[in-house]
Structure formats: C-alpha cells, structure tokens
Amino acid sequence: MTTQIITIDGPSGSGKGTLAAKLAKHYQFHLLDSGALYRLLGLSLFKTDLLERLDEHDVLQQSVKIATNLDIRFISHKDATQVLLDGEDVTQIIRTEQVGEYASKVAAVPELRAALVDRQHAFAEEPGLVADGRDMATSIFPNAKVKIYLTASAESRASRRVKQLQGMGLDAKISDILANIQARDKRDMERTVAPLKPAEDAYIIDSSELSIEEVFGLMINYADQQLAK
Ligand code: DC
C-alpha cells in the first residue's frame with residue numbers, strides 16, 4: 001500500500017500551518033512543515049555568513065553541503081512542535097519576519113531546493129502524511145491523493161499576521177506587514193524553480209471570508225472523498 005498523502009500549498013498567512021496541523025491530528029498522519037526547513041536553512045546560512053554570498057560558486061557548494069547535513073529535530077508535544085537546529089531550540093526565532101526573509105532567499109536557489117528534496121520525501125511514512133508548503137503538489141509529492149491549495153487576499157493575510165504578532169506581544173504596523181507579504185508573494189510566484197501555483201488537479205479554497213473551522217470542514221469533506229477512492 002502506498003502512503004496516503006495530503007498536500008496543502010499556498011501563500012503564507014492563508015492558514016495553511018494551522019490547518020495542516022489540524023488535518024494531521026484528525027487523520028493521525030505525520031506532518032511536514034516544509035517552510036520550517038527553508039527557515040532553518042536560512043537561519044543556518046545567515047549564522048555562518050553565507051546567506052548574502054550565495055552567488056559565489058564556492059559559497060553555494062558549501063551551502064548545499066550544509067543543507068544536506070542540517071542537524072534538525074522536530075519534537076512533537078501535545079499542542080505544539082519544538083524545533084531544534086544543531087541541538088539549539090529555535091522554535092520561536094524561526095517564526096520571525098526576519099527569518100522568513102532568509103527563507104525566501106534560500107527558496108529562490110534551485111541547488112538549495114534540490115538539497116532539501118530527500119529530506120522531505122523521508123517524511124512520507126505510514127499511515128500517511130500531511131505536507132504543508134508551496135510546491136508539495138507540483139513538485140515534491142505529485143502523486144498525492146489529496147491536493148489542496150489554500151489562499152486568501154493579501155489584506156486578510158496581513159491583518160491575521162498583525163493579530164498573531166500582537167498576541168505574541170510584538171508591535172506590528174499593518175502597512176509594513178502588507179508590503180512584506182506582497183513582496184514575498186511576488187518572489188515566491190515569479191521564481192523560475194518551483195513557483196507558487198496550484199497544481200492542475202488541486203482543490204482551491206479561498207479562506208479570506210472563512211473561519212478556520214469552516215475551511216477545516218471543506219478540507220475534511222474533500223479529503224475523505226479522495227482518500228476513499
Ligand atoms: O511557509 P513559510 O512562511 O514558513 O515559508 C518560508 C519561506 O519558504 C517562504 O518564502 C516560501 C518558502 N517555501 C518554499 O519555497 N517552498 C516550500 N515548500 C515551503 C516554503
């Protein structure tokens with residue numbers, strides 16, 4: 001039997017992370033947060049002063065080696081996942097806007113994306129996997145039984161992000177966040193390698209006007225049908 005795979009792709013702030021975690025819990029499947037891999041690699045390359053020099057051949061070679069050998073651990077707790085990089089707890093720092101920027105830079109480099117492919121495939125274990133990212137359906141798991149593309153307007157994603165940051169006690173200006181989101185969307189959609197776009201056979205959901213529970217309901221209905229085929 002092949003492992004059942006549910007992919008959820010879409011831009012940041014669409015609610016993917018929350019919904020992927022809820023789906024994984026519902027089906028008791030493993031969870032791949034592929035964005036976290038890009039964030040971890042971005043952080044690691046920033047710390048080693050390589051991030052800004054990826055256009056140098058030797059630096060890129062060295063960065064590919066780092067990507068292949070990244071020492072990462074995801075530790076599942078009841079309601080959250082702790083993330084360790086080289087044994088250090090980076091759960092919070094990888095979620096910052098700054099590290100999101102590093103990740104976006106890393107994600108635009110084909111050699112670095114290629115270096116993370118095997119690691120992503122390794123998450124596909126029985127009984128199944130929910131894979132959250134940008135190119136899960138179009139590139140990493142093209143044979144997934146369930147492909148979902150979750151999107152939302154840039155404005156609604158910005159206002160969710162501001163609330164989230166305020167909830168963490170951080171100050172945030174909606175205009176700055178919106179500009180960041182628009183710049184990152186543009187970079188993610190226009191890059192030549194694995195650009196952000198729905199797979200041809202993806203089920204597309206726009207969550208701008210929907211609650212998490214409403215989106216979850218749509219996803220479960222669709223996934224149940226597809227998984228039963
Ligand atoms: O989903 P996220 O915000 O954690 O992703 C961080 C960055 O990594 C974002 O710029 C998009 C990129 N990314 C990607 O290119 N491919 C993926 N499968 C996941 C994330």
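Both counts, for ligands and for their atoms, begin at 1 and track the order of listing.
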Inset, instruction - Would you tell me which option among Arg39, Arg134, Arg113, Lys16 has the nearest heavy-atom contact to atom 11 (C) of ligand 1? - result: Arg134
Legend entry - Minimum side-chain heavy-atom gap Ser139-Gln120 below 4.5 Å: no
Legend entry - Arg191 neighbourhood, listing ligand 1 atoms whose heavy-atom distance to it stays under 4.0 Å: 14 (C), 15 (O)
Inset, instruction - List every atom of ligand 1 that sits less than 4.0 Å from any heavy atom of Asp188, numbering the atoms from 1 in the order shown and giving each element. - result: 9 (C), 10 (O), 11 (C)
Inset, instruction - Would you mind running through ligand 1 and noting each atom that sits below 4.0 Å from a heavy atom of Met136? - result: 18 (N)
Legend entry - For Arg184, atoms of ligand 1 separated by under 4.0 Å from a heavy atom: 10 (O)
Inset, instruction - Test Glu214 against Glu209 for side chain to side chain contact (heavy atoms under 4.5 Å, CB included), laying out the working first. - result: CA-CA 10 Å; Glu214 286 169 324; Glu209 307 290 330; over 6 Å; no
Inset, instruction - Before giving the answer on side chain to side chain contact (heavy atoms under 4.5 Å, CB included), spell out for Glu111 and Gln61 the whole-Å C-alpha distance, their side-chain angles and the decisive distance to 0.1 Å. - result: CA-CA 9 Å; Glu111 292 86 347; Gln61 299 286 87; over 6 Å; no
Legend entry - Identified side-chain contact (heavy atoms from CB on, under 4.5 Å) counterpart of Leu196 within the set Thr138, Asp135, Asp188: Asp188
Inset, instruction - Taking the side chain as every heavy atom from C-beta outward, state whether Leu45 and Leu112 have any pair of such atoms under 4.5 Å apart. - result: yes
Legend entry - Partner of Ile140 by side-chain contact (heavy atoms from CB on, under 4.5 Å), out of Arg134, His121, Arg113: His121
Inset, instruction - In sequence, state the C-alpha distance, the side-chain angles, and the governing distance for Arg184 and Glu97, and then conclude on side chain to side chain contact (heavy atoms under 4.5 Å, CB included). - result: CA-CA 11 Å; Arg184 200 173 309 166; Glu97 291 291 308; 3.7 Å; yes
Inset, instruction - With heavy atoms under 4.0 Å as the rule, classify the contact between Ser104 and ligand 1 as side chain, backbone, both or neither. - result: both
Inset, instruction - For Ser12, take its heavy atoms, then give the atoms of ligand 1 lying under 4.0 Å from any of them. - result: 3 (O)
Legend entry - Shortest protein contact, atom 19 (C) of ligand 1 (heavy atom only): Ser34 OG, 3.4 Å
Inset, instruction - Take Glu200 and Lys147, measure what salt bridge (charged side-chain N to carboxylate O under 4.0 Å, His left out) needs, and give me the verdict at the end. - result: CA-CA 9 Å; Glu200 274 173 19; Lys147 297 177 182 173; over 6 Å; no
Inset, instruction - State the atoms of ligand 1, each with its element, that fall below the 4.0 Å cut-off from a heavy-atom position in Ala107. - result: 12 (C), 15 (O)
Legend entry - Heavy atom of the protein closest to atom 20 (C) of ligand 1 (residue, atom name, distance): Gly35 CA, 3.6 Å
Legend entry - Minimum-distance protein heavy atom relative to atom 7 (C) of ligand 1: Ala103 CB, 3.6 Å
Legend entry - Distance from atom 8 (O) of ligand 1 to nearest protein heavy atom, with residue and atom: Tyr38 CB, 3.6 Å
